[in-house]
Structure formats: C-alpha cells, structure tokens
Amino acid sequence: MSNRVLCREASHAGSWYTASGPQLNAQLEGWLSQVQSTKRPARAIIAPHAGYTYCGSCAAHAYKQVDPNITRKIFILGPSHHVPLSRCALSSVDIYRTPLYDLRIDQKIYGELWKTGMFERMSLQTDEDEHSIEMHLPYTAKAMESHKDEFTIIPVLVGALSEAKEQEFGKLFSKYLADPSNLFVVSSDFCHWGYEHYRAARSCIF
C-alpha cells in the first residue's frame, strides 16, 4: 500500500483570490478587523463562495465568530457546480493546500462517512475544478491559525439532494454537529444579481 500523501492544489488562487500568502493574510486580517465577534463560539456558519473581491468583507462576519480554542474539526459543505450528483461526495486527497498553510483532511471521520455507503468519491479533477469548498479554505486557515496543528477539515461536496436524502444526510451529520468541538461551514452563493446590487444583497444577509 502506498503511503504517498495526495494534495489538492489551491487551483483558484491567483484568479478568485490572491496567490500571495502575505497579501492574502493582510486582506483577511483587514476584513476581520472591521467586524465584531457577536455570536462566538459559532457551531455553524453560512458564508459565500464568490471571489474575495466581491464577498471577502461579507465572509468576515461569519468567520469572526469561529473560536479556535474550541474548534477541532471543521466540516465544509459546498454545492457541486461542475458534476451532477444525487448524493454527497468526499475528496480523494489527504491535504488541501492554501497560500497560507496546508489543511489536513480528517481521514478518521472520512472513514466513518465512507462506511455508510451514502457517499461518492470525487476525482482530483472534480475537486480542483470546484470552487465552493476552496473559497472557504483561506478563511478557515486564518481563523484557526493560532491552533494550526490542532484541527482537521472534512470537505463534503453536496449534490442535488431529494427531500428524503436531505433527511438522511441531516440525520448522519447531526451526531457530529452535537459535538461542540465540531464546526460546520455551509458554503452559499453570495448573489447572482450582479455586482451593482452588492450593498442590497449584503443588507439582506445581515
């Protein structure tokens, strides 16, 4: 059996957000410094997956509520934009790279989820094409930087689920949500109304 570590590259760095670690760090610090921590510690957050030019400041409101002193496992649920899925899918890699530092996938939790028979497996191409999960990785890394070696991530690609499957996956994930050391990040579209409606969209969200 091979012990080779498989990595997903930060495929949208340099286009959807800067590929420069120092520049990205400064941007995230700037956005986070402008918002208040009002709901900390969050157990679940909903944040957009648009390019940071459009939603970086908006996402800061969610990530400001993350408490790195408590959080140890982060479930990141993002919708599939490129492949048809009737279920959810798990990554085939061990590491997700970001311009800040690498994030480790929790293989123990992945093993538990895989054994349910409810999940498909993403190819590396599908994984790197998709942006809905990746856009949360830099913010996750920044929010958790003080405990960077003490947490893992559980990325899940979400398909077009039937109501019955929504209930099945909800029941499955509920046991993990019950653990206060677990955080759920739900990746959402910011808006499809156009940049000119940015301020109106933000006021609706908050």
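Quick caveat, the model's predicted, so the values are computed rather than measured. Count residues from 1 along the sequence.
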Heavy atoms only: give me the nearest [X]-[Y] pair and the separation to one decimal.
X: Ala19; Y: Pro99; answer: O-CB, 3.6 Å
X: Ala62; Y: Ala47; answer: CB-CB, 4.0 Å
X: Tyr17; Y: Pro138; answer: CE1-CG, 3.9 Å
X: Leu137; Y: Arg97; answer: CD1-O, 4.4 Å

Counting distance only, does the side-chain N/O of [X] pair as donor-acceptor with the main-chain N or O of [Y] below 3.5 Å?
X: Lys64; Y: Leu32; result: yes
X: Arg87; Y: Lys165; result: no
X: Ser33; Y: Gly30; result: yes
X: Asp94; Y: Leu6; result: yes

For [X], check side-chain contact (heavy atoms from CB on, under 4.5 Å) against everything at least two apart and list the hits.
X: Gln34; result: none
X: Arg104; result: Ile95, Thr152
X: Gln167; result: Glu163
X: Asp67; result: Arg40, Pro41, Asn69, Ile70

Residues in salt bridge (Lys or Arg N to Asp or Glu O under 4.0 Å) with [X], at least two apart?
X: Glu150; answer: Arg72
X: Glu128; answer: none
X: Lys73; answer: Asp106
X: Glu168; answer: none

Report yes if some heavy atom in the side chain of [X] is under 4.5 Å from a heavy atom in the side chain of [Y]; otherwise report no.
X: Asp102; Y: Cys7; result: no
X: Val156; Y: Phe173; result: yes
X: Ser57; Y: Val35; result: no
X: Arg8; Y: Ile105; result: no
X: Ile133; Y: Ser187; result: no
X: Phe151; Y: Leu183; result: no
X: Glu145; Y: Leu100; result: no
X: Tyr96; Y: Thr140; result: no

Atom pair [atom1] ([X]) and [atom2] ([Y]), whose distance is rounded to the nearest 0.5 Å:
X: Leu172; Y: Leu177; atom1: CG; atom2: CG; result: 11.5 Å
X: Ile153; Y: Ile74; atom1: CD1; atom2: CD1; result: 8.0 Å
X: Gln65; Y: Gln36; atom1: CD; atom2: CD; result: 9.5 Å
X: Phe75; Y: Asn182; atom1: CZ; atom2: CG; result: 5.0 Å
X: Met135; Y: Ile76; atom1: CE; atom2: CD1; result: 12.5 Å
X: Thr98; Y: His136; atom1: OG1; atom2: NE2; result: 14.0 Å

Intermediate values then yes/no, side-chain contact (heavy atoms from CB on, under 4.5 Å), Met122 and Ser92: CA-CA 6 Å; Met122 278 185 269; Ser92 58; 5.5 Å; no
Stepwise side-chain contact (heavy atoms from CB on, under 4.5 Å) test for Leu157 and Ser132: CA-CA 8 Å; Leu157 189 63; Ser132 68; 4.3 Å; yes
Of all pairs that satisfy side-chain hydrogen bond (donor to acceptor under 3.5 Å, both in side chains), the ones with a partner from residues 114-126, not counting sequence neighbours: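 Of all non-adjacent pairs touching residues 114-126, those that pass side-chain hydrogen bond (donor to acceptor under 3.5 Å, both in side chains) are Ser123-Thr126, Gln125-Asp129.
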Pairs flagged by salt bridge (charged side-chain N to carboxylate O under 4.0 Å, His left out) wherever residues 16-30 is involved - sequence neighbours left out: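 Salt bridge (charged side-chain N to carboxylate O under 4.0 Å, His left out) check on residues 16-30 returns Glu29-Lys142.
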Derivation and outcome, side-chain contact (heavy atoms from CB on, under 4.5 Å), residues Leu161 and Cys88: CA-CA 8 Å; Leu161 305 182; Cys88 293; 4.3 Å; yes
All ring-ring contact (aromatic ring centres under 6.0 Å, His included) counterparts of Phe119, not counting sequence neighbours: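 Applying ring-ring contact (aromatic ring centres under 6.0 Å, His included) to Phe119 gives Phe169.
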With Tyr139 via ring-ring contact (aromatic ring centres under 6.0 Å, His included) - residues at least two apart: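 Tyr139 satisfies ring-ring contact (aromatic ring centres under 6.0 Å, His included) with Tyr52, Tyr63 only.
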